[in-house]
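Below, chains carry the letters A, B, ... as their sequence lines are ordered, and counting in each starts from 1.
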Amino acid sequence: MRAPTRSPDELRKEISALKRQIGKLEKTKRACEQAQAGWRESEARCQTIIDAIPDGYVEADLAGNFTFINNRICEHLDYPKAELIGANIRRFQNAAGFQKTFRVYNQIFKTGKPCKSFELACLRKNGSQKIFEVSASLARDAQGRPVGFCSVSRDITERKKMERALRESENRYRMIVENINESVSTMDLNLNYTYVSPSEIRTSGYTPEEAMRTPPDKELTPESYAMALGVMAEEIKREFGGGPVDIHRKRSLELAMYKKNGDLYWQETTTSFLRDENGQATGFLFVGRDITARKQAEKDLQAARDQLLQAEKLSAIGQLSAGVAHEILNPLNIISLELQLIQEMKNLPRDVSEELSICMAQIDRIVAIADGLMQLARVSDKKMETTQINDLIAGILTLHKAQLMIDKIETVVRYQDGLPEIPMDRKKIEQVILNLISNARGAMEDRESKILRIATDREGTDAIRITVADTGRGIATEHLSKLFNPFFTTKAQGKGTGLGLSISYGIIKDHGGRIWAENNSWGGASFYISLPVRRTMDVQAP
Amino acid sequence: MKKVLIIDDEEYFCRALKKNLELKAVCRALAATTGAEGIRLARTEKPDLILLDIMMPGMDGTDVAEALLADPATSSIPIIFVTAIINKEDVRRNAGQIGGRTFIAKPVKIEDLIKRINAL
Ligand SMILES: Nc1ncnc2c1ncn2[C@@H]1O[C@H](COP(=O)(O)OP(=O)(O)O)[C@@H](O)[C@H]1O
Ligand SMILES: [Mg+2]
């Protein structure tokens with residue numbers, strides 16, 4: 001080969017062209033070097049950023065093999081980077097988990113649309129599970145062909161755990177609330193129900209929905225409603241009054257409430273404020289417990305105490321009375337004899353003998369009172385006979401039928417069949433029932449409808465009950481506790497001695513029974529006698 | 001005419017009862033205001049009937065009755081207890097017979113007493 005010959009001019013030209021070329025290339029090279037440095041810098045920055053974000057970042061090929069991951073992923077899965085690069089997602093999931101992953105990514109691949117926020121469970125190196133919230137999209141090359149996926153994952157294992165714990169505690173709480181006998185309800189500060197527990201159906205017979213619809217003034221007696229409102233107003237005032245408050249304070253109320261069927265029951269309601277996380281009151285919480293049985297027990301206890309007190313009072317009064325009666329009867333006896341003497345005198349003016357009969361009649365009144373007084377003291381000498389109470393009552397009514405008819409009293413008797421015979425002093429029990437009938441008659445004197453109801457009942461296995469009810473004027477509340485006191489009477493001077501019920505009380509007590517009175521909801525009063533049935537065990541063997 | 005002995009610590013009672021009985025001329029009446037005096041009179045006078053109070057100071061009615069029954073001279077004389085410490089209702093109901101004894105309650109209705117005396 002032979003080099004073409006060039007002229008020096010040509011050569012010079014060529015050289016300077018080459019120099020320019022070199023200069024250009026060097027410029028390009030510098031630019032390239034600069035660009036490379038820049039790129040490297042930005043790649044490093046990118047990596048730093050990617051490693052710094054709290055989320056995991058993964059690039060994978062279309063088969064699910066990891067091609068790029070940030071450090072967070074290594075932490076999340078607890079594998080070194082080298083072990084993760086090239087590994088398939090399948091390795092970190094169980095079958096069910098992978099199935100789901102496949103479905104999601106397949107969808108992304110098919111539609112080309114990113115999928116935001118799906119849950120993905122992975123197994124760490126030590127076998128424990130981590131749950132991620134993942135957003136993923138399709139990665140494409142310069143030509144727009146899909147080449148893989150990029151995903152951002154957030155570790156939500158803790159959150160999930162908390163959510164589950166919350167759900168569990170909520171369930172547990174709900175289970176408790178729904179199964180306890182206490183009824184739980186909440187109200188906002190405007191006193192609208194926000195929650196009523198299902199146990200409400202057991203306490204009041206209302207479903208929670210019904211209870212929420214029922215205004216509180218329909219659920220509570222007027223007195224209890226007023227009391228509850230008062231307490232809540234007081235607490236609201238205290239809470240928002242600006243003074244120091246105890247945010248754990250509670251108030252307990254005993255409320256008389258109506259069941260759905262209208263029955264009255266007693267609830268002990270403990271109320272406190274519901275508070276948000278800042279301790280700010282947002283409503284009321286009520287926990288109610290049925291205390292009807294306790295209330296009844298308290299009432300019974302009180303009644304028993306009253307009866308005891310009454311009994312003590314009676315025996316003291318009885319002894320005193322008998323003495324007084326004796327002292328009165330003796331001089332009275334003399335007066336009586338003197339009067340009878342005068343009555344027999346010859347030639348008495350007519351009006352004088354009239355006045356004398358009035359005196360004699362008044363003596364009879366004093367005698368009746370003194371007799372009553374002596375009976376108070378004298379309840380112990382009983383003549384016990386085994387008696388069928390129904391027969392005893394029937395006997396009394398046969399004797400007094402006529403009188404009751406004259407008084408236009410309708411008598412309704414209901415005998416309970418098969419009542420056990422019980423030992424009693426027939427005469428005395430008769431006297432008690434007669435007292436009650438006579439009082440009922442008195443109470444119905446000026447009434448239009450006069451109905452005397454007498455009933456016998458079984459009271460459990462241990463007692464029988466006699467009820468004498470009337471449609472009379474009833475008993476004033478303030479008198480209920482005094483009825484059985486000696487000399488307590490509301491009758492006009494000379495009409496009543498006020499001894500009938502106290503004697504009856506003594507007799508019934510002496511039989512080991514109870515006597516008490518109540519007003520009827522339909523008007524009038526009812527007197528009840530409860531007499532114990534002696535069990536066969538107590539009967540002495542022959 | 002029958003002879004009735006009244007034993008009662010109340011002097012006015014004795015007097016009034018005596019007067020009542022005599023006014024009606026049913027019987028002759030004697031009175032004693034203590035148990036001891038009553039027993040003495042019972043022995044000496046041999047009455048057909050004794051009306052005996054129970055609540056008396058010293059020897060009370062039941063003591064007197066015991067003494068009278070213990071003495072053959074007086075043991076056959078019928079006794080009626082006249083007392084305020086018995087319930088009239090009980091007396092009425094049992095026709096005066098309670099625990100084998102005969103009672104009349106105070107205040108005494110003279111008609112009732114006369115019936116008893118006549119029934120002797
Ligand atoms: N069935 C009744 N209805 C209303 N009040 C009654 C009834 N029974 C008794 N009472 C009240 O109890 C009082 C006391 O009764 P009681 O001891 O029998 O005495 P008395 O009948 O002599 O007044 C009566 O005066 C009356 O006020
Ligand atoms: Mg009465």
Is any side-chain heavy atom of B/Met56 closer than 4.5 Å to a side-chain heavy atom of B/Thr34?
no
Give, as side chain, backbone, both or neither, the part of A/Ile363 having an atom under 4.5 angstrom from any heavy atom of chain B.
side chain
Looking at A/Lys450 and A/Glu445, would you say the former's side chain and the latter's main chain have a donor-acceptor pair under 3.5 Å?
yes
Atom NZ of B/Lys2 with >12 non-hydrogen neighbours under 6.0 angstrom
yes
Answer with side chain, backbone, both or neither: which region of B/Lys24 has an atom nearer than 4.5 Å to a non-hydrogen atom of chain A?
side chain
Quick check for you: among A/Ile334, A/Ile366, A/Ile335, which has the greatest number of heavy-atom pairs under 4.5 Å with chain B?
A/Ile334
Taking the basic N atoms (NZ, or NE/NH1/NH2) and the acidic carboxylate oxygens, is any pair closer than 4.0 Å for A/Arg350 and A/Glu354?
yes
Against chain B, work out which of A/Asp364, A/Leu337, A/Leu329 has the most heavy-atom pairs shorter than 4.5 Å and name it.
A/Leu337
Begin with the C-alpha distance, continue with both residues' side-chain angles, and end with the deciding distance and a verdict on side chain to side chain contact (heavy atoms under 4.5 Å, CB included) for A/Ile529 and A/Leu436.
CA-CA 10 Å; A/Ile529 298 168; A/Leu436 297 186; 3.8 Å; yes
Side chain proximity check, A/Tyr505 to A/Asn435, heavy atoms < 4.5 angstrom
no
Is it the case that atom CD in B/Glu37 sees more than 12 heavy atoms from other parts of the structure closer than 6.0 Å?
yes
I need the full list of ring pair (Phe, Tyr, Trp, His ring centres under 6.0 Å) pairs touching residues 13-51 of chain B, with sequence neighbours left out, sorted by first then second residue.
none
State, with a plain yes or no, whether a side-chain heavy atom of A/Ile464 is found less than 4.5 Å away from one of A/Thr456.
no
Chain B contacts: which residues in residues 339-349 of chain A have a non-hydrogen atom closer than 4.5 Å to it?
A/Gln340, A/Leu341, A/Glu344
Side-chain donor/acceptor of A/Asp470 to backbone N/O of A/Arg441, under 3.5 Å:
no
Pairing residues for A/Glu327 by the salt bridge (Lys or Arg N to Asp or Glu O under 4.0 Å) criterion, not counting sequence neighbours:
none
Residue by residue, scan residues 389-407 of chain A and write down, ordered by number, those that have a heavy-atom distance under 4.5 Å to chain B; if none do, write 'none'.
none
With a 4.5 angstrom heavy-atom cut-off, is it the side chain or the backbone of B/Ile110 that approaches chain A, or both, or neither?
both
Yes or no on side chain to side chain contact (heavy atoms under 4.5 Å, CB included) for B/Thr102 and B/Arg116, after CA distance, side-chain angles and deciding distance?
CA-CA 10 Å; B/Thr102 309; B/Arg116 294 286 183 80; 3.5 Å; yes
